[in-house]
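Below is one structure, written out as structure tokens; the observations come after it.
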Amino acid sequence: MAVWEGINEFVAVTETGSFTAAASRLGTSVANVSRQVSALEQRLGVKLLNRTTRKVSVTADGATYYQRCRQILDNLEDAQRSVSNLQREPIGKLRLTAPVAYGERYIAPLVNSFCQQHPGLEVELQLSNRQLDLVEEGFDLGIRLGTLQDSRLVAKKLGSRRLHVCASPDYLQRHGQPHTLSELTGHNCLLGTLDYWRFVEAGKLRSIHVKGNLRCNSGPVLLDAALKGMGLVQLPDYYVAGRIACGDLIEVLASYAQEEEGIWALYPQNRHLSAKVRMLIDFLNMNLRS
């Protein structure tokens, strides 16, 4: 039916912001996406997209048309699900991303269990400490830690974490225990991806620049270094709570610890939440909180 031709391609370009990303999402060529959108514009007699060598943007008419097309496609998907078994049994491909260390330790085992329960799913889990663009790269779901920034994403809180500064008893015996934030300059601070640690002082959030002789983007590696007496470390509770409880590590500067940060499931707000994504979010929420 010619009336439908080009609509999926136009919606995909609008949501991803490029013909290349739209082609990747739809599993077709860039040339085909461009041809379908051009044909759609010709049939409508309206310019839907502004194209330059650098970017693609939606015209005013295109924005209006997109909203109606998105609603139609969502309704069509609802109609298809109502006569299928998707509400009872999730099937098809599901792409998600999570931070490396947290993903390996917590998310991946739960995703594996979810796949066992629903063998009709084909899951792609990409672990990365980069803030991948869920819309641009076609992810159905992303797991993020801490403060959220991307307003194009819908967030559901799965849990929370608290950061602790701690060190081994041996390190503190040799170098002393800091009692104020200014004393951190006299200590070897084991660094992750950032050059600063976050605290709350007098009710205000502060980022304190710290230095040390070890930098690594792996929580387990930093934990191992702290246990070996190499320096102070700031890590989430799921790494250090047990070690603090048994005395392997001693928490310092606890009065400056900031409030709990969120652990979030994110998905694009302009993408209809399918049953398989909703069921995985519910599964993660139930098991991460237990």
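- Cluster membership for Leu235 and Val165, using ILVMFWY side-chain heavy atoms within less than 4.5 angstrom, is not shared.
- One N or O on the side chain of Thr97 and one on the backbone of Gln126 form a donor-acceptor pair closer than 3.5 Å.
- In this structure a side-chain-to-backbone donor-acceptor pair under 3.5 Å is missing from Asp61 to Lys47.
- Between the Arg215 side chain and the Gly192 main chain, a donor and an acceptor come within less than 3.5 Å of each other.
- In terms of heavy-atom proximity, Leu249 sits nearest to Ser168 at CD2-N, 3.7 Å.
- For the residue pair Gln234/Arg198, the side-chain donor-acceptor check at 3.5 Å is not satisfied.
- Counting only heavy atoms from C-beta outward, the side chains of Leu134 and Arg144 approach each other to under 4.5 Å.
- A perpendicular orientation is assigned to the rings of Phe199 and Tyr256, their planes being inclined by more than 60° (bins at 30° and 60°).
- Judged purely by atom type and a 3.5 angstrom limit, Asp140 uses its side chain to pair as donor or acceptor with the backbone of Arg95.
- Hydrophobic clustering of Ile, Leu, Val, Met, Phe, Trp and Tyr side chains at less than 4.5 Å, counting indirect connections, keeps Leu163 apart from Ile143.
- The closest donor-acceptor contact from the side chain of Asn129 to the backbone of Val100 lies under 3.5 Å.
- Judged by distance alone, with hydrogens and angles left aside, the side-chain atoms of Gln173 form no donor-acceptor pair with the main-chain N or O of Pro169 at under 3.5 Å.
- At a cut-off of 3.5 Å, with distance as the only test, no side-chain donor of Ser18 or Thr20 sits close to an acceptor on the other residue.
- Considering every non-hydrogen atom in both Leu214 and Ala225, the closest pair reads CD2-CB, 3.6 Å.
- Between the side chain of Ser160 and the backbone N or O of Gly262, no donor-acceptor pair lies under 3.5 Å.
- In this structure the side chain of Leu253 never reaches within 4.5 angstrom of the side chain of Leu232, judged on heavy atoms.
- Between the side chain of Lys276 and the backbone N or O of Lys93, at least one donor-acceptor pair lies under 3.5 Å.
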Side-chain donor-acceptor distances from residues 110-117 under 3.5 Å, at least two apart:
unit_1, atom_1, unit_2, atom_2, d
Asn112, ND2, Ala108, O, 3.4
Ser113, OG, Pro109, O, 3.1

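- In this structure, the side chains of Trp197 and Leu184 come closer than 4.5 Å at one or more pairs of heavy atoms.
- Side-chain heavy atoms closer than 4.5 Å link hydrophobic residues (I, L, V, M, F, W, Y) into clusters, and following such links, even through other members, never connects Leu145 to Leu194.
- A distance-only check finds no donor-acceptor pair linking the side chain of Asn285 to the backbone of Ile281 [under 3.5 Å].
- For Ser34, the side-chain contact (heavy atoms from CB on, under 4.5 Å) partners are Phe19, Ser38, not counting sequence neighbours.
- Atoms CG and SG, on Asn213 and Cys189 in that order, are 10.0 Å from each other to the nearest 0.5 Å.
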Which pairs would a plain distance check flag for residues 236-243, meaning a side-chain donor or acceptor within less than 3.5 Å of a matching protein atom at least two apart in sequence or in another chain?
unit_1, atom_1, unit_2, atom_2, d
Asp237, OD2, Arg162, N, 3.1
Tyr238, OH, Arg161, NH1, 3.4
Arg243, NH1, Asp248, OD2, 3.0

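- The shortest distance between side-chain heavy atoms of Tyr65 and Ile7 falls below 4.5 Å.
- At least one side-chain heavy atom of Leu205 sits less than 4.5 Å from a side-chain heavy atom of Gln258.
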Requested in this report: Please lay out, stage by stage, how Leu127 and Ile107 fare under the test side-chain contact (heavy atoms from CB on, under 4.5 Å).
Outcome: CA-CA 10 Å; Leu127 300 179; Ile107 300 300; 5.8 Å; no
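- Considering only heavy atoms from C-beta on, Tyr171 stays 4.5 Å or farther from Val233 through its side chain.
- The pair Arg70-Glu15 meets the salt-bridge criterion, with a side-chain N (NZ, NE, NH1 or NH2) lying under 4.0 Å from an Asp/Glu carboxylate O.
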Query raised in the report: Run the side-chain contact (heavy atoms from CB on, under 4.5 Å) check on Glu122 and Glu124 step by step: do they pass?
Result: CA-CA 7 Å; Glu122 179 187 346; Glu124 178 185 338; over 6 Å; no
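- Taking 4.5 Å as the limit, some side-chain heavy atom of Leu49 sits within range of a side-chain heavy atom of Val58.
- At most 12 heavy atoms of other shown residues, nucleotides or ligands fall within 6.0 angstrom of atom NZ in Lys211.
- In terms of heavy-atom proximity, Gly176 sits nearest to His187 at O-CE1, 3.0 Å.
- With rounding to the nearest 0.5 angstrom, the SG atom of Cys166 is 10.0 Å from the CD1 atom of Ile250.
- Between Asn287 and Phe283, the shortest heavy-atom contact is ND2-O, 2.7 Å.
- Formation of a donor-acceptor pair under 3.5 Å by the Glu9 side chain with backbone atoms of Val37 is not found in this model.
- Among all heavy-atom pairs drawn from Gly219 and Ala101, the shortest one is N-CB, 4.4 Å.
- Heavy-atom neighbours of Arg68 CZ from other residues, nucleotides or ligands within 6.0 Å: at or below the threshold of 12.
- When all heavy atoms of Leu48 and Leu44 are compared, the pair lying nearest together is CD1-CD1, 4.0 Å.
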Report task. Would you please test Glu259 and Val200 for side-chain contact (heavy atoms from CB on, under 4.5 Å) and show each step? Result -> CA-CA 8 Å; Glu259 295 181 357; Val200 171; 5.8 Å; no
